[in-house]
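Note that the coordinates shown come from a computational prediction; the quantities given were computed from them, not determined experimentally. Just so we're on the same page: letters track the sequence lines, and every chain starts at 1.
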There are 2 protein chains.
Amino acid sequence: MATIDDVAKLAGVSIATVSRVFNNSPWVSEKTREKVLKAAEELGYKPSMPARSLAMKKTNTIGLIVPDISNPYYAEVVRGIEDVCNIYKYNIILCNADNKREKEFQYIDMLKNRWVDGVIFHCDYFSEEHYEVFKNSNLKVVLAGRTTKFDVPYVGIDNFKAAYDAVNYLISLGHKRIGIIHGPLDDMKETIDSVDRLKGYKQALIDNGLTIYEELIKEANFKYKGGYKAAMEMLKGEITPTAIFAISDIMAMGAINAVFDKGLSCPEDVSVIGFDNIDLSEATRPALTTVSQPMYEIGAIAARMLIKIINGEEINNSQIILKHKLVLRNSVVPLRS
Amino acid sequence: MATIDDVAKLAGVSIATVSRVFNNSPWVSEKTREKVLKAAEELGYKPSMPARSLAMKKTNTIGLIVPDISNPYYAEVVRGIEDVCNIYKYNIILCNADNKREKEFQYIDMLKNRWVDGVIFHCDYFSEEHYEVFKNSNLKVVLAGRTTKFDVPYVGIDNFKAAYDAVNYLISLGHKRIGIIHGPLDDMKETIDSVDRLKGYKQALIDNGLTIYEELIKEANFKYKGGYKAAMEMLKGEITPTAIFAISDIMAMGAINAVFDKGLSCPEDVSVIGFDNIDLSEATRPALTTVSQPMYEIGAIAARMLIKIINGEEINNSQIILKHKLVLRNSVVPLRS
DNA sequence: GTGAAAGCGCTAACAA
DNA sequence: TTGTTAGCGCTTTCAC
């Protein structure tokens with residue numbers, strides 16, 4: 001590997017000049033610039049990032065902590081992040097933390113030791129402990145897909161409102177017995193997707209003067225099988241739903257198949273609405289009606305925000321709520337009278 | 001940020017000693033080790049990776065180039081990679097190259113400048129140019145999900161055999177008019193998934209004395225809609241298939257829905273078999289019969305191999321073919337007589 | 001066992 | 001415009 005010294009020697013200049021050339025400093029004559037570039041070319045020289053990082057205390061690297069990259073939702077968010085980082089010449093260190101606190105803190109520690117310029121953090125719940133850890137670490141951070149009461153930049157959606165809208169839509173179609181399949185609630189803390197969406201669900205029922213049936217509220221694990229099982233239990237109960245709101249598309253797919261396996265049809269007997277609008281939600285039959293989350297944008301905007309923060313640019317609003325959207329397909333129909 | 005100097009001063013030792021402690025050198029007395037550790041603790045000191053990288057010419061970082069992380073197949077492979085890297089204390093720099101040569105070479109260049117210890121490369125076709133670039137770069141590399149004739153380590157599957165098995169299975173069930181939906185062929189170069197699988201398809205037909213109908217061979221883009229369109233065309237043709245082999249699950253899902261939309265039923269009228277066995281292939285109705293690729297293992301084994309290479313360990317076989325497997329679900333049935 | 005000092009490859013004053 | 005030089009924070013001989 002050729003170093004800056006080699007280039008300097010070959011070009012007959014000092015290393016400072018070589019450095020200037022590679023940092024596009026205007027104070028180099030065109031002649032020497034060419035000389036240097038030619039020498040560099042000849043030696044196949046490119047500046048060493050580790051050396052540069054050490055000298056500048058800047059790594060052009062962003063840490064990215066997500067629960068699980070093999071989940072299509074996170075994969076899409078990450079894609080958005082990577083795309084804008086690529087534009088701004090940042091690279092990404094990917095970390096799967098599985099929502100485990102211990103792994104998260106381990107990764108945060110590691111990223112700090114690596115002097116990353118900032119981190120984008122995606123977790124199920126941003127706790128006080130997280131807040132403290134980040135504050136003490138001096139790491140610049142922005143949350144993706146998560147809101148918080150703490151003074152930390154984030155890009156998320158209004159989960160309460162999104163769920164409210166979904167359920168309200170079902171109600172407007174005449175549905176009265178509406179089930180929900182949510183995820184783990186973790187002590188009903190705020191800003192957890194499941195909690196806020198469950199609240200939205202309940203509020204929509206209340207605002208429309210409908211009964212809240214505890215039998216129609218089921219918890220699952222955000223997986224296909226979990227959604228299937230939860231829906232099946234619901235369908236076997238005393239009070240059966242005419243519509244089910246699953247708070248992730250994957251669970252909604254499970255719910256649809258549970259409806260089928262119960263010998264019923266979807267949407268005729270039971271409507272099902274999902275959440276996320278992952279790529280494959282148009283591939284199910286019936287195609288899934290769902291609440292669309294702008295996953296790619298969440299990632300892209302979070303990345304852009306972080307880069308601005310890193311560059312010390314002014315940010316007018318560092319807590320951004322993106323809009324959700326109802327995507328109407330075929331898994332929901334008006335209640336048969 | 002506390003540095004090694006701060007710790008040395010506070011502990012009343014030299015920086016060399018501090019360094020020894022943090023590198024678990026046996027040549028430090030228990031007493032001083034404790035003193036140093038205590039001082040470090042007090043200052044919240046952790047060694048700086050960039051500095052260490054520069055001094056040791058080792059970054060504990062692996063570059064990872066994939067076509068597109070938002071594709072469930074790659075996401076799963078990456079998950080496998082990340083899990084074993086985590087075990088061995090390596091971190092991953094993620095790069096999405098979209099199978100674009102220019103982006104790939106750009107990323108390779110960047111990774112080299114970053115002094116990554118190695119790279120795992122996943123592309124649709126490993127060309128001579130790739131080979132040269134990697135050779136000249138001195139980067140250690142292993143290919144994931146791809147084989148090659150070049151002398152480069154890889155972990156892949158036998159695509160020819162896998163396709164052959166799938167089609168053979170269909171034939172054993174009595175099917176004679178079997179369609180295939182493949183991806184871009186890129187001049188029929190070898191080791192491209194689509195090419196090898198298409199060859200396997202043809203060979204299975206030939207070996208069983210069946211006719212190869214050009215009308216039943218369609219190209220698509222590996223997406224849901226592409227699979228849908230291709231199947232639809234096939235179904236509208238003169239010679240209609242009784243079974244379709246789509247070389248990715250996502251395209252298979254499109255094919256199934258095309259069958260439905262054509263007013264036919266799957267599997268009764270048309271059987272469909274996919275490829276990959278992504279998570280959601282069990283969620284379709286009918287659940288997808290498919291050729292399972294060990295995606296997670298491809299990633300995990302590639303990562304382990306790369307780390308061994310980095311450590312200069314002996315490797316008995318650096319070109320590994322993993323086994324595929326037919327996963328029988330409900331989208332394929334014997335031909336109705 | 002421990003410390004002094006010379007790098008690792010680069011940037012950034014400060015001079016010239 | 002260009003060169004000199006002192007770091008950046010750490011590892012690693014080589015003495016002691």
Chemist: Side chains of B/Leu139 and B/Val116: does their closest heavy-atom pair fall under 4.5 Å?
Modeler: yes
Chemist: Does the side chain of A/Asn136 reach to within under 4.5 Å of the side chain of A/Lys112, using non-hydrogen atoms?
Modeler: no
Chemist: Hey, does the side chain of B/Lys57 come within less than 4.0 Å of C/dG9's phosphate (OP1/OP2), counting only N and O?
Modeler: yes
Chemist: I need the residues from residues 2-23 of chain B with at least one non-hydrogen atom less than 4.0 Å from DNA chain D; give them sorted by number, or say none.
Modeler: B/Thr3, B/Ile4, B/Ile15, B/Ala16, B/Ser19, B/Arg20, B/Asn23
Chemist: Taking the side chain as C-beta and beyond, is there a heavy-atom pair between B/Trp115 and A/Met49 under 4.5 Å?
Modeler: no
Chemist: Could you check, using the six-membered ring where one of them is a Trp, whether B/Phe126 and B/Tyr154 have ring centers closer than 6.0 angstrom?
Modeler: no
Chemist: Whole angstrom is fine here: how far is it from CH2 in B/Trp27 over to P in D/dC14?
Modeler: 14 Å
Chemist: Would you call A/Lys9 and A/Asp5 a salt bridge, using N to O less than 4.0 angstrom?
Modeler: no
Chemist: Side chains of A/Tyr107 and B/Asn91: closer than 4.5 Å at any heavy-atom pair?
Modeler: yes
Chemist: Mapping B/Leu54 and B/Val28 onto DNA chain C by nearest heavy atom, which one lands closer to the 5' end?
Modeler: B/Val28
Chemist: Could you tell me whether the side chain of B/Lys89 reaches within less than 4.5 Å of the side chain of A/Met110, counting heavy atoms only?
Modeler: no
Chemist: Using atom NZ of B/Lys58 as one end and atom C1' of C/dG9 as the other, report the distance to the nearest whole Å.
Modeler: 19 Å
Chemist: Any side-chain heavy atom of B/Asn159 within less than 4.5 Å of one from B/Thr147?
Modeler: no
Chemist: I'd like to know if the side chain of B/Asn99 reaches the main chain of B/Asp124, judged simply by a donor and an acceptor atom lying under 3.5 Å from each other, with no hydrogens or angles considered.
Modeler: yes
Chemist: Specify the separation, in whole Å, of atom CE of B/Met49 and atom P of D/dC8.
Modeler: 20 Å
Chemist: Identify, between B/Met56 and B/Pro26, the residue whose nearest nucleotide on DNA chain C lies closer to the 5' end.
Modeler: B/Pro26
Chemist: Can you find a heavy atom in the side chain of A/Arg101 that is under 4.5 Å from one in the side chain of A/His130?
Modeler: yes
Chemist: Is any side-chain heavy atom of B/Arg146 closer than 4.5 Å to one of B/Phe121?
Modeler: no
Chemist: In whole Å, I'd like the distance from the CZ atom of A/Arg114 to the P atom of D/dG9.
Modeler: 18 Å
Chemist: When the axes are fitted on five pairs at both termini, how much does the helix from C/dG1-D/dC16 to C/dA16-D/dT1 curve, in 10° steps?
Modeler: 40°
Chemist: Identify, residue by residue, the members of residues 31-44 of chain B with a heavy atom below 4.0 Å from DNA chain D, and return them in order of residue number, or none.
Modeler: none
